[in-house]
Amino acid sequence: PAPLPLSSTPDSAIVAQGRLLNLNLAVTRHAGFTEAVAVTATDLPPNLPPGAVSIAKEAKTGVLPLFVPRNVPPGIYTFVLRGTGAYPFNKDPKAKEKPNINLIEPSNPITLVIRPAPVSVFVDNKGGAIKQGGSLEIGVRIARLNGFTGSVSLSLVSQEGHKLSALPVLLDATQAEGKMVIQCAKDSPPGNPAAVVVRGSVSIRGEVIEVDEPVGLVISK
């Protein structure tokens with residue numbers, strides 16, 4: 001088997017412009033490969049920033065967040081992830097010395113269908129500073145697009161380890177602005193939590209379509 005098989009799920013997804021997509025990664029180490037794996041996304045759609053994550057040498061899984069900006073053209077795209085790590089290798093299998101080489105392996109192909117967004121979400125994070133055990137009130141504004149005129153449900157999406165929460169906010173068809181209060185747990189890790197977004201959810205002909213906007217927070221003691 002290959003020393004570094006890398007897989008990603010989902011292998012296909014349908015998202016609207018302005019959406020955070022988390023790719024779940026799994027790596028299996030074979031044939032003496034034991035090191036950390038740096039995973040990057042290549043051949044991405046136009047205007048989609050490259051994503052990267054490192055899977056520690058003792059870990060078998062990871063998450064690669066990819067944010068699809070509002071200016072990515074709608075369409076169908078296929079790309080792969082690439083895992084890179086140091087691998088001891090010698091052409092002579094009986095050789096005692098095996099210097100490290102840079103091993104690169106691709107993942108399974110990932111197909112991404114990008115649709116026009118029915119709404120854009122804009123966040124005023126009020127500077128983004130929040131203390132452990134404290135709260136931060138942020139402003140949220142929406143713009144309805146492509147003929148959408150209905151209500152929009154707003155929620156905070158954050159990784160479980162960040163220990164951040166907020167009550168959902170509903171903007172009816174007549175509203176375009178609202179406020180959300182983010183609560184920070186006393187034991188939230190200090191720093192800049194990655195992939196924290198305000199998610200706007202709308203229903204169109206029974207289908208739920210979601211759009212995200214990064215918040216940008218700094219947690220301090």
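If you read the sequence from its start, that first residue is 1, and numbering goes on from there. These numbers come from a predicted model, not from an experiment.
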Apply the test side-chain contact (heavy atoms from CB on, under 4.5 Å) to residues Val140 and Leu171: give CA-CA distance (whole Å), side-chain angles for both, the deciding distance (0.1 Å), then the verdict. CA-CA 10 Å; Val140 183; Leu171 300 180; 5.6 Å; no
Where [X] and [Y] come nearest, the two heavy atoms and their spacing:
{"X": "Pro45", "Y": "Leu112", "value": "CG-CD2, 4.5 Å"}
{"X": "Met180", "Y": "Ala166", "value": "CG-CB, 3.7 Å"}
{"X": "Ala59", "Y": "Val27", "value": "O-CG1, 4.1 Å"}
{"X": "Pro118", "Y": "Phe148", "value": "O-CB, 3.5 Å"}
{"X": "Lys98", "Y": "Pro88", "value": "O-CB, 3.6 Å"}

Using a 3.5 Å distance criterion without hydrogens, assess whether the side chain of [X] forms a donor-acceptor pair with backbone atoms of [Y].
{"X": "Asn108", "Y": "Ser8", "result": "yes"}
{"X": "Asn146", "Y": "Ala117", "result": "yes"}
{"X": "Ser188", "Y": "Lys163", "result": "yes"}
{"X": "Gln183", "Y": "Ser135", "result": "no"}

Indicate if [X] and [Y] have the same hydrophobic cluster label, given that clusters are the connected sets of ILVMFWY residues with side-chain heavy-atom separations under 4.5 angstrom.
{"X": "Leu21", "Y": "Leu6", "result": "yes"}
{"X": "Leu103", "Y": "Val39", "result": "yes"}
{"X": "Leu145", "Y": "Ile142", "result": "no"}
{"X": "Leu20", "Y": "Val202", "result": "no"}
{"X": "Val123", "Y": "Ile130", "result": "yes"}

Salt bridge (Lys or Arg N to Asp or Glu O under 4.0 Å): which pairs involve [range], sequence neighbours left out?
{"range": "residues 136-158", "result": "Glu137-Lys179"}
{"range": "residues 190-204", "result": "Arg199-Glu210, Arg199-Asp212"}
{"range": "residues 101-110", "result": "none"}
{"range": "residues 29-45", "result": "Glu35-Lys57"}

With the side chain counted from C-beta on, respond yes when [X] and [Y] share a heavy-atom pair under 4.5 Å apart, and no when they do not.
{"X": "Pro5", "Y": "His30", "answer": "yes"}
{"X": "Ser201", "Y": "Leu154", "answer": "no"}
{"X": "Thr42", "Y": "Val80", "answer": "yes"}
{"X": "Leu164", "Y": "Ile219", "answer": "yes"}
{"X": "Ser151", "Y": "Leu170", "answer": "yes"}

Would you sort out whether Gln132 and Asp187 count as a side-chain contact (heavy atoms from CB on, under 4.5 Å), showing the intermediate values? CA-CA 6 Å; Gln132 291 173 322; Asp187 56 347; over 6 Å; no
Approximate separation, where rounding is to 0.5 Å, of Phe79 CZ and Thr111 OG1: 8.5 Å
Which value, rounded to the nearest 0.5 Å, describes the distance between Phe89 atom CZ and Asn102 atom CG?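 One gets 13.5 Å once the value is rounded to the nearest 0.5 Å.
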Please say which of Leu44, Leu23, Thr78, Thr9 ends up in a side-chain contact (heavy atoms from CB on, under 4.5 Å) with Ile110. Leu23
Tested for side-chain contact (heavy atoms from CB on, under 4.5 Å) against Gln17, the lone hit among Ile114, Val211, Asn47 is Ile114
More than 12 foreign heavy atoms under 6.0 Å from CD1 of Ile101: is that the case here?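 Result for CD1/Ile101: enclosed.
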Output, in order, the C-alpha distance, side-chain angles, deciding distance and verdict of side-chain contact (heavy atoms from CB on, under 4.5 Å) for Leu4 and Tyr87. CA-CA 9 Å; Leu4 177 57; Tyr87 176 59; over 6 Å; no
Please tabulate, for the side chains in residues 60-77, all donor-acceptor contacts under 3.5 angstrom to protein atoms that are two or more places apart in sequence or on a different chain.
unit_1 : atom_1 : unit_2 : atom_2 : d
Arg70  : NH1    : Val121 : O      : 3.2
Arg70  : NH1    : Glu213 : OE1    : 3.0
Tyr77  : OH     : Pro73  : O      : 2.7

Kindly write out the residues that satisfy side-chain contact (heavy atoms from CB on, under 4.5 Å) with Glu207, not counting sequence neighbours, or none if the list is empty. Arg115, Ile209
Under the side-chain contact (heavy atoms from CB on, under 4.5 Å) rule, what do Ile182 and Ile138 come out as? Steps first, then yes or no, please. CA-CA 8 Å; Ile182 301 175; Ile138 63 174; 3.9 Å; yes
